[in-house]
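Single-structure report; data block below.
Keep in mind it's a predicted model, so treat the numbers as computed, not measured. The residues of the chain are indexed from 1 along the displayed sequence.
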Amino acid sequence: MTLLQIMPAADPGTVRVRSDDPDVIRRELLKIGVRYARWHAARRIPADADDVTIMNAYRSHIDHVSAESGYHVVDIARLTAASPDPGHRGRNRANREKYRQEHFHDEDVVRFVVAGAGCLYLHAAGQVHAMLCTAGDLLSVPSRTVHWFDAGADPHYTAVRFLREGDRYSARFLPDSIAARFPTLDDLLAPS
């Protein structure tokens, strides 16, 4: 379930907007310069598809976005809970905590979710827009937009990632992050 929840930055307990309506989501995100769209694969792909299969299934969409916005690097980002490596869970926890801190990038953040779910929190215009993205969602966030990300305690997230300059994609973390005061992905998915 794709979901947008907007809360005042100073009052995470107040929900100003909560909607799963794509038109409401698109309209609210455009107010802060973020583009939202839905894509469909040219053919059905398995949940455990490899990178080549994913890229081929969405080739026309990928080529269009790359050409339109000048992205030279397109890759696949995966976050999963399952791994035979015993240290994997600890690395997942460390990465989750790292990216659940407010930060920004000098490049746009453009992601198309292929499988699973992830929540991108956008801190803009005095509000926090918690955008829970699921398979089929494309978000294009302008560079230097303050945000954080959560894939949950048991992550299952696969996304196509677009970059202009793949080797220069670094995060700049803000001191005194407000992220810990806001609901996590797991909180947003919990039944009300």
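In this structure, V109 and T145 have side chains that are not in contact, with every pair of non-hydrogen atoms separated by 4.5 Å or more. When side chains are defined from C-beta on, W148 does not count as touching Q101, because their heavy atoms never get closer than 4.5 Å. Side chains of P183 and M7 form a contact here, defined as non-hydrogen atoms less than 4.5 Å apart. At a threshold of 4.5 Å between non-hydrogen side-chain atoms, the residues F173 and K98 count as touching. Contact of the D75 side chain with the M55 side chain is not registered, since no non-hydrogen atoms from C-beta on lie closer than 4.5 Å. Side-chain contact between L4 and V24 is absent, with no heavy atoms from C-beta onward closer than 4.5 Å. V160 is not listed as a side-chain neighbour of W39, based on a closest heavy-atom distance of 4.5 Å or more. A heavy-atom distance below 4.5 Å is found between the side chains of F104 and L174.
When all heavy atoms of D137 and T2 are compared, the pair lying nearest together is OD2-OG1, 2.6 Å. Heavy atoms only, all atoms of each residue included: A9 and H123 are closest at CB-NE2, 3.5 Å. Across every non-hydrogen atom of G33 and P142, the tightest pair is O-CG, 3.2 Å.
Here the straight-line distance linking atom CG of D51 with atom CG of N56 works out to 11.0 Å at 0.5 Å rounding. L139 CG to M131 CE: the interatomic distance, rounded to the nearest 0.5 Å, is 5.0 Å. Distance check, rounded to the nearest 0.5 Å: OH of Y36 to CZ of R27 gives 13.0 Å. Atom CD of residue Q5 and atom CD of residue E28 lie 12.5 Å apart, to the nearest 0.5 angstrom. From M1, atom CE reaches atom CG of L189 across 6.0 Å, with rounding to the nearest 0.5 Å. Of the inter-residue distances, the one linking T80 atom OG1 with D154 atom CG reads 10.0 Å to the nearest 0.5 angstrom.
Under the 3.5 Å distance criterion, the side-chain polar atoms of E107 are matched with a main-chain donor or acceptor of R164. Panel note: side chain H105, backbone S170; a donor-acceptor pair is recorded below 3.5 Å. Using a distance-only test at 3.5 Å, with no hydrogens or angles considered, a donor-acceptor pair links the side chain of E102 to the main chain of I178. When atom types are taken as modelled, the side chain of R38 and the backbone of A135 share a donor-acceptor pair closer than 3.5 angstrom. With hydrogens and angles ignored, the 3.5 Å screen pairs no side-chain donor or acceptor of S69 with any backbone N or O of Y71.
By the rule that hydrophobic residues join a cluster once side-chain heavy atoms approach within less than 4.5 Å of another member, I54 and V74 end up as members of one cluster. Both I62 and I45 are members of a single hydrophobic cluster when ILVMFWY side chains are connected at heavy-atom separations under 4.5 Å. Residues F149 and V128 fall into different hydrophobic clusters, defined by Ile, Leu, Val, Met, Phe, Trp and Tyr side chains chained together at heavy-atom separations under 4.5 Å. Residue L122 is not grouped with residue F182 when hydrophobic side chains (ILVMFWY) are merged at heavy-atom distances under 4.5 angstrom, including chains of intermediate members. Linking ILVMFWY side-chain heavy atoms closer than 4.5 Å, directly or via other members, places L120 and Y157 in a single hydrophobic cluster.
Residues meeting the side chain to side chain contact (heavy atoms under 4.5 Å, CB included) test with A124, sequence neighbours left out: I32.
Ring pair F112/Y58: centre-to-centre distance below 6.0 Å. Note: H147 and H129 fail the aromatic proximity criterion, with ring centroids not under 6.0 Å apart.
In this structure, R35 places its CZ atom where only 12 or fewer heavy-atom neighbours from other residues, nucleotides or ligands lie under 6.0 Å away.
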Check your understanding: Is there a side-chain hydrogen bond (donor to acceptor under 3.5 Å, both in side chains) between S66 and D63 once you walk through the steps?
Key -> CA-CA 5 Å; S66 294; D63 290 348; 5.6 Å; no
Review point. Stepwise, does the side chain to side chain contact (heavy atoms under 4.5 Å, CB included) test hold for V110 with S140?
Key: CA-CA 4 Å; V110 182; S140 180; 3.6 Å; yes
Practice item. Applying side chain to side chain contact (heavy atoms under 4.5 Å, CB included), run through R144 and D106 and close with a yes or a no. Key: CA-CA 5 Å; R144 303 188 66 81; D106 288 328; 2.7 Å; yes
